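Keep in mind that this is a model prediction, so the values were computed, not measured.
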Amino acid sequence: MTESAKENKRAYMREYMKRYRRENRERLNENRRKWAAENPDKIKAYHDAYWEKRAISQ
């Protein structure tokens with residue numbers, strides 16, 4: 001695939017995903033909330049890793 005074709009595809013997908021997220025916001029949020037409720041240990045691990053990284057960089 002040529003560079004211009006790749007850039008055109010990236011631009012198309014950016015717009016497509018913006019539209020998709022806008023049209024499916026409630027469903028996406030519902031799925032996210034459901035996943036978070038089922039995986040509190042993963043959420044805690046992500047938060048801990050984030051704050052550990054922040055503490056090291058400062």
Side-chain angles (χ1 to χ4, degrees):
M1 193 180 297
T2 66
E3 286 302 314
S4 64
K6 287 180 185 178
E7 181 54 39
N8 288 341
K9 181 180 178 185
R10 280 192 291 269
Y12 169 78
M13 290 306 293
R14 269 192 305 272
E15 292 303 315
Y16 172 80
M17 291 309 295
K18 275 186 199 179
R19 188 173 61 251
Y20 179 84
R21 285 187 297 269
R22 186 174 54 242
E23 292 171 359
N24 295 284
R25 176 173 285 161
E26 287 301 318
R27 186 173 59 84
L28 294 171
N29 286 342
E30 180 182 329
N31 289 341
R32 166 101 174 67
R33 283 189 294 270
K34 181 181 174 190
W35 181 88
E38 293 172 356
N39 297 283
D41 53 328
K42 290 182 182 179
I43 298 288
K44 181 172 178 11
Y46 295 152
H47 285 219
D48 291 346
Y50 172 81
W51 287 109
E52 278 293 321
K53 188 175 180 181
R54 293 284 296 196
I56 292 170
S57 67
Q58 296 203 7

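To the nearest 0.5 angstrom, N29 atom CG is 12.0 Å from R21 atom CZ. Separating the CG atom in N31 from the CD atom in E26 is a distance of 11.0 Å, to the nearest 0.5 Å. The CG atom of D41 lies 9.0 Å from the OH atom of Y46; values are rounded to the nearest 0.5 Å.
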Problem set entry | Derivation and outcome, salt bridge (charged side-chain N to carboxylate O under 4.0 Å, His left out), residues E3 and K9 | CA-CA 10 Å; E3 286 302 314; K9 181 180 178 185; over 6 Å; no
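Pairing each heavy atom of R14 with each of E7, the nearest pair is NH2-OE2, 3.5 Å. Shortest non-hydrogen contact noted between I43 and R32 is CD1-NH1, 4.2 Å.
The hydrophobic cluster containing M17 also contains Y12, counting ILVMFWY residues as joined when their side-chain heavy atoms lie under 4.5 angstrom apart, directly or transitively. Clustering ILVMFWY residues whenever any of their side-chain heavy atoms sit less than 4.5 angstrom apart, transitively, puts W35 in a cluster other than the one holding L28.
By the 4.5 Å heavy-atom criterion applied to side chains, M13 and Y16 are counted as neighbours.
The residues R33 and E30 are annotated as not salt-bridged, no charged nitrogen and carboxylate oxygen being separated by less than 4.0 angstrom.
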